[in-house]
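Working notes, structure below.
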Amino acid sequence: MEKPSIAVIGAGAIGGITAAFMAQAGCDVELVCKHEAIAAQACGEGLHVVGVRGEHTIAVPAVARIDALHGKKDLVLIATKAYDMPEAARQALPFLREDALVVSLQNGICTDALAEIVDGTRAVGCVIGWGATMLEAGKLDMTSTGEFIIGMPDGTADKRLEALKDAMAHVAPTLISQDIMSELYSKLIVNACITSLGAICGLYLGQMMKIARARNIFLAIIREAMDVARAMRLQVKPFGGKLDYDKLMAGTGALDNLRRHIMIRIVGMKFKRLKSSSLQSLERGRPTEIDYFNGYIAKKGAQLGVNTPINSRMVSMVREIEQGRRRIDVANLEDPAFDQA
């Protein structure tokens, strides 16, 4: 691929910034927005990107629907919410060249669902290590630096990944991993703890980690997740190269447990104003990505005969909130199902 033709589907913070910096670097990229007005802005005055890489206004070729894309694509990056990814992948199928790659840029693990639609030889997993938020329509803030980690779910050293790496490196440093599932699972555990707990209780991370019962639930989510990982024969990577889950969960004595509580209490203090993305979705009346966080752990556990009562209860509680049958309340932490945490 001398100059691959690229589509980025989803013009939120991650997708918009990715497409903008690719366009700025001269890539052949086309952005699919959800709304005509944003597509018109992207094509015209451009997307306004601020944050850790400075301030930029970047024009990006854009359309408002996937079926309006122009020509066949070598690389398709899907940056929608996880629950919208399968339909986006299906709609993109007519625009894929024979050897095209399709990348999941979602939180959680969506590679299984993606591979079912586009073929496992096309599906690419990706861990996003940098942060971003949408300030308003067409104005995006890159809030932190970091990297992309990409790879084939089966660990294949596919030559096509080099072209993908080169394109994504215009946005952030990009690494190719032959163990992408372990990298994805590492981030999944963090989301299953922080994002889902915040969704049921409505607290910032710092507030949550002051509560001993919340810390117990946090640790129980990790314990079950690691039990499932062992059944999957995954060697889970330390998150961010620093949070080593095996070391965190090692030991069963009182001092070991105290050490764990101190460690996650420190994390809570460091990121005390971190607000759950799932909580923000619920507050806007939108669904969460719970099926791709705790739901993934619970589903894999059921398939492999690993008991995951805490993760399963998290899934059911978040679904109840989505359906309006439960309130977001700190009292949710007192649910009897969490007594064993």
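We number each residue from 1, following the sequence as shown.
Put simply, the side chain of Q280 gets close to the backbone of K275: a donor and an acceptor are under 3.5 Å apart. At distances below 3.5 Å, at least one donor-acceptor pair connects side-chain atoms of E322 with backbone N or O atoms of T288. Checking side-chain atoms of T174 against main-chain N and O of A172 turns up a donor-acceptor pair under 3.5 Å. In this structure, the side chain of E334 does not engage the main chain of A331 through any donor-acceptor pair within 3.5 Å. Using modelled atom types, one side-chain atom of S276 and one backbone atom of T195 make a donor-acceptor pair closer than 3.5 Å. Looking only at distances, no side-chain donor or acceptor of S186 sits under 3.5 Å from a matching main-chain atom of S182. With hydrogens and angles disregarded, a donor-acceptor distance shorter than 3.5 Å links the side chain of S312 to the backbone of T308. Side chain of N294 to backbone of A192: a donor-acceptor contact under 3.5 angstrom is found. Of the possible donor and acceptor atoms, none in the side chain of E183 sits under 3.5 Å from a partner among the backbone N and O of I149. A donor-acceptor contact shorter than 3.5 Å is absent between the side chain of K187 and the backbone of G129.
Atom CE in M209 sits 5.5 Å away from atom CZ in F218 (nearest 0.5 Å). The distance from atom OH of Y204 to atom CG of L274, rounded to the nearest 0.5 Å, is 10.0 Å. To the nearest 0.5 Å, atoms CG (L188) and CG (L184) are separated by 8.5 Å. Here CD1 of I217 is found 10.5 Å from SG of C193. Values are rounded to the nearest 0.5 Å. We find the CG-CG distance between N257 and N216 to be 6.5 Å, quoted to the nearest 0.5 Å. Put simply, CD1 on I38 and CD on Q41 are 5.5 Å apart, with the number rounded to the nearest 0.5 Å.
Inter-residue side-chain proximity for I189 and F239 is flagged as unmet; no heavy-atom pair is nearer than 4.5 Å. Under the 4.5 Å side-chain criterion, counting only non-hydrogen atoms from C-beta, I150 is not in contact with I180. Taking the side chain as every heavy atom from C-beta outward, I6 and D28 never approach each other to under 4.5 Å. Residues I78 and V76 are in side-chain contact: their nearest non-hydrogen atoms beyond the backbone lie under 4.5 Å apart. Contact check for C33 versus V63: no side-chain heavy atoms found under the 4.5 Å cut-off. Counting heavy atoms from C-beta outward, Y185 and I297 have side chains that approach closer than 4.5 Å. Side-chain atoms of L93 and F95, non-hydrogen and from C-beta on, never get closer than 4.5 Å to each other. Within the 4.5 Å cutoff, the side chain of T156 has no heavy atoms near those of the L161 side chain.
There is a path of hydrophobic side-chain contacts, each under 4.5 Å, that joins M208 to I310. No continuous path of hydrophobic side-chain contacts links M181 to M152 [ILVMFWY only; heavy atoms under 4.5 Å]. A single hydrophobic cluster is seen to contain both I14 and V49, as judged by linkage of ILVMFWY side chains at heavy-atom distances under 4.5 Å, directly or through other members. Both L333 and V315 belong to a common hydrophobic cluster when Ile, Leu, Val, Met, Phe, Trp and Tyr are linked at side-chain heavy-atom distances under 4.5 angstrom. At a threshold of 4.5 Å between side-chain heavy atoms, the hydrophobic network of Ile, Leu, Val, Met, Phe, Trp and Tyr places V103 and L96 in two separate groups.
Closest non-hydrogen pair, L75 versus A167, comes out as CD1-CB, 4.4 Å. Of all heavy-atom pairs between A82 and P86, the closest is O-CD, 3.4 Å. Shown here for V318 and A199, the closest heavy-atom pair between the two residues is CG2-CB, 4.4 Å. Of all the heavy atoms in P4 and D74, the pair that sits closest is CA-OD2, 3.3 Å.
Looking only at atom types and distance, the side chain of Q24 has no donor-acceptor partner in the side chain of H170 under 3.5 Å away.
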Taking it one step at a time, do V330 and Q207 satisfy side-chain contact (heavy atoms from CB on, under 4.5 Å)?
-> CA-CA 10 Å; V330 69; Q207 295 171 314; over 6 Å; no

Trace of the side chain to side chain donor-acceptor pair (under 3.5 Å) decision for R313 with S316 | CA-CA 5 Å; R313 185 57 180 146; S316 62; 2.9 Å; yes

Under the side chain to side chain donor-acceptor pair (under 3.5 Å) rule, what do D179 and S177 come out as? Steps first, then yes or no, please.
-> CA-CA 5 Å; D179 197 9; S177 171; 5.9 Å; no

Please step through salt bridge (Lys or Arg N to Asp or Glu O under 4.0 Å) for the pair K81 and D84, ending with a clear verdict.
-> CA-CA 5 Å; K81 287 290 189 181; D84 288 330; over 6 Å; no

Show the numbers, then the answer: is there a side-chain contact (heavy atoms from CB on, under 4.5 Å) between F293 and N311?
-> CA-CA 9 Å; F293 297 158; N311 281 280; over 6 Å; no

Report the C-alpha distance between E55 and H48 in whole Å, list the side-chain angles of each, state the deciding distance to 0.1 Å, and finish with yes or no for side chain to side chain donor-acceptor pair (under 3.5 Å).
-> CA-CA 7 Å; E55 187 168 354; H48 190 193; 2.7 Å; yes

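Paired with Q323 under the rule side chain to side chain donor-acceptor pair (under 3.5 Å), one option of R319, E320, R325 passes, and it is R325. For the pairing with I200, the side-chain contact (heavy atoms from CB on, under 4.5 Å) check across D329, D335, I321, I328 returns one residue only, I321.
Taking 4.0 Å as the cut-off between side-chain N and carboxylate O, R90 and E87 count as a salt-bridged pair. Classification of D227 and R230 as a salt-bridged pair holds, one side-chain N sitting under 4.0 Å from a carboxylate O. With salt bridges taken as basic N to acidic carboxylate O contacts below 4.0 Å, one links E30 and K73. Contact check on R160 versus D99 returns no salt bridge, with no Lys/Arg side-chain nitrogen under 4.0 Å from an Asp/Glu carboxylate oxygen. Note on D119 versus R122: no salt bridge recorded, every NZ/NE/NH1/NH2 to OD/OE distance being 4.0 Å or above.
More than 12 heavy atoms of other residues, nucleotides or ligands lie within 6.0 Å of NZ in K72, so this atom counts as buried by the packing criterion. Heavy atoms from other residues, nucleotides or ligands lying under 6.0 Å from CZ of R53 number more than 12. Within 6.0 Å of the CG atom in L255, the count of heavy atoms belonging to other residues, nucleotides or ligands does not exceed 12.
For the pair R213 and F338, the cation-pi criterion (under 6.0 Å, within 45° of the ring axis) is not fulfilled.
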